[in-house]
Amino acid sequence: MRRRLLSSTLVVAVIAVLLLGVPLGVVVSRLIVEDATKQLRSDATRLVGEVEYARIQETPLDPQQLKQKYPDRYIQIYVNGNPPTATVVGASPPSGHSMHEEAKSDSGIYVRVSRDRDQVEREVRARLLLIVALAAAALAVAVGLAIVQSRRLTLPLQDLAKIADRLGSGDARPSKHRYGIPELDRVAEVLDRSATRISDLITREREFATDASHQLRTPLTGLTMRLEEIVAASDDPDVVREEGEAAIVQAERLTAVIDELLAAARRQRVAQAEPISVDDVLVQQVTEWEPAFRRAGRSVSLDGARGLKALATGGSLGQVIGSLLENSIQHGGGAVSVSTSSSDNYIVIEVSDEGPGISDDIAPKVFERNVSGGGGTGLGLTLSRALTAADGGRLELVRRRPAVFAIFLRPADSPGRRVVTGPA
C-alpha cells in the first residue's frame, strides 16, 4: 500500500509539474525574447533622436561615448547630407546569430541597432534551468509529503491489523489508540467496542460456568447424602426405599437446576417467577439437609407462619435456602432455625444459627464474589443474592453475631410484578 501511495502521488506531482512548468517555460522564453526586441527598438529610437539633436547643434557624434552608453550593441548610423556620412560603433555579431531593430527620421537619419542572439538564448536557458530546478524541488517535496502521508496511513492500518489479530486470539483488551484520522479513528472505536463486548461475553461465560458448577454442587451434595444413607442402611429395605425415593427427588431437582441455569443464560429468569408455596420449598430443604446436620451433631428446625405463598422460582428459592444451610454447616454452629413471617409488602424467610457469626471486616462485603471468611469459594452468597434478585426479591445479612440471613420475597397476591429494589 505504501508503494502504491508513493507512486500515485509521484505521478500526480509529475503531471502537475508538466502542466504548469511547460507553459511557464514557453511563456518565459517568449517574454525574454520580446523584452530583448523591445530594448533594441527603444535603443534605435533614442539614437535617432540623439543624432537629430547633434545634427541641429552641428556637433559631431562621439563613437566612444556611444559605445560606453550602449554596450554589447552593434550600431550603424547613416545621415543623408552633402556628402552623406555613416558611423559604425561596436563589433558586428556573428552572421546568422544577430538580432536587430531599425529606426529612421524624416530628415534622412537611419539607425540600425544589433546584438548577439546567443546572449538572449543564454538568458533563456538560465531561466529554464531555474524552472527545472523549482520543478525538481516541487517533486522532492511531493515525494517527502507522500512518504509522510503513507506512513501516517499505513502504520495505523498495521496497528489496527494487530489489534484485530489480538481480538481473534482471545485478547479482548481495548487498545484506546487514536490516530488523528477520522476514518481510522472510527475503525479503532468499533474495534474497541467489539473488544469490550467480547470481553463481557467471555467474562459472562466464565461466570456462568463458575456459577453453574457451584449451583450444581448443592443438589449433588444432597444426592450424595442420600446415597450414603442408602449404603449405611443396606440391611433395612424400608430405609433403602425411602432414601432411594429421596435420591430420585434429588436427581429430579438436579435436572431442574440445569434447566434453570440454561434459562438464566437466555435471560428468562424474571419471566419464570410465579406464585409458589413457601412451605413446600422449606420442608423439602430441611428434609434434605437434616441427615447432614444430624451427623454433625446439630439440629435444623422449621418454625414461623405457615401457608405462605410468594412470587419466586421454586428451584431458585430452594438453591438459596440450600446454600444458606450449607454455609451454616461449614461455618456456623449450634442449632439452625428456618423461620417465616409475613407483612403487607414482604414474605420474610430467616435462616439463623448459634455460631460465632461473621467478622466485622468480612460483613460489609460478604455478598461480593470471591469473598469468603472460611476458605470457601466465595460464590454461594453472591449467587444466592443474584437468584433472589432475579425473582424480584432481596437477600440481606440482618445480624452479624450470631449470623442471621433474611430473604425478602413479594407476596403472591401483590399487585403487578414490580421487582423489589435491592443489590443483585
Kindly say whether [Y] contributes a backbone atom to a donor-acceptor pair with the side chain of [X] at under 3.5 angstrom?
X	Y	result
R298	F293	no
S328	L324	no
T382	E368	yes
T287	V283	yes
R399	P402	yes
T313	S316	no
D62	Q64	yes
R127	R122	no

Note to self: Between E102 and R41, does the salt bridge (Lys or Arg N to Asp or Glu O under 4.0 Å) criterion hold? Intermediate values first, please.
What the structure shows: CA-CA 7 Å; E102 301 172 350; R41 187 178 301 115; over 6 Å; no

If I take atom [atom1] from residue [X] and atom [atom2] from residue [Y], how far apart are they, to the nearest 0.5 angstrom?
X	Y	atom1	atom2	answer
L302	Q285	CG	CD	11.5 Å
D43	I75	CG	CD1	7.5 Å
I32	E123	CD1	CD	5.0 Å
H100	S92	NE2	OG	11.5 Å
L24	I131	CG	CD1	4.0 Å
L395	L381	CG	CG	7.0 Å

Check: Among side-chain atoms of Y70 and R46, is any donor-acceptor pair under 3.5 angstrom?
Finding: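 Yes.
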
Notebook entry, point to check: For D279 and S277, does a side-chain donor sit closer than 3.5 Å to a side-chain acceptor?
Noted result: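 Judged by distance alone, the side chains do not pair up.
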
Margin query: Looking at K38 and E101, is any side-chain nitrogen of the basic one under 4.0 Å from a carboxylate oxygen of the acidic one?
Written below: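 Salt bridge between E101 and K38, a charged N being under 4.0 Å from a carboxylate O: no.
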
Check: Is the shortest distance from a Lys or Arg side-chain nitrogen in D360 or R401 to a carboxylate oxygen in the other one below 4.0 Å?
Finding: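 Yes, D360 and R401 are salt-bridged.
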
Within-4.5 Å side-chain heavy-atom neighbours: [X] and [Y]:
X	Y	result
L40	R73	yes
V404	L397	no
W289	I329	yes
S352	V336	no
V348	T340	no
Q284	I321	no
D116	D72	no
V22	V17	no

On a heavy-atom basis, which atom in [X] and which in [Y] lie closest, and how many Å separate them?
X	Y	answer
P63	V89	O-CG1, 3.7 Å
A412	L311	CA-CG, 3.9 Å
G304	R306	O-NH1, 3.1 Å
L308	S341	CD1-O, 3.9 Å
G355	D353	N-OD1, 3.2 Å
I347	P411	CD1-CA, 4.0 Å

Checklist line | Non-neighbouring partners of E121 that pass salt bridge (charged side-chain N to carboxylate O under 4.0 Å, His left out), sequence neighbours left out | finding: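 Result, salt bridge (charged side-chain N to carboxylate O under 4.0 Å, His left out) vs E121: none returned.
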
Notebook entry, point to check: Under the side-chain contact (heavy atoms from CB on, under 4.5 Å) criterion, do V338 and E350 qualify, and how do the steps go?
Noted result: CA-CA 6 Å; V338 180; E350 292 186 351; over 6 Å; no

Check: Checking R394 against Y346: charged group under 6.0 Å from the ring centre and within 45 degrees of the axis?
Finding: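 Satisfied, under 6.0 Å and within 45°.
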
Next item on the list: Go through I349 and F408 one step at a time and tell me if the side-chain contact (heavy atoms from CB on, under 4.5 Å) criterion holds.
Entry: CA-CA 7 Å; I349 304 172; F408 298 87; over 6 Å; no

Note to self: Let's go through V111 and K104 carefully: what are the C-alpha distance in whole Å and the side-chain angles of both, what is the deciding distance for side-chain contact (heavy atoms from CB on, under 4.5 Å) to 0.1 Å, and is it a yes or a no?
What the structure shows: CA-CA 6 Å; V111 176; K104 58 184 177 180; over 6 Å; no

Checklist line | Trace of the side-chain contact (heavy atoms from CB on, under 4.5 Å) decision for I276 with L317 | finding: CA-CA 10 Å; I276 63 170; L317 182 58; 3.9 Å; yes

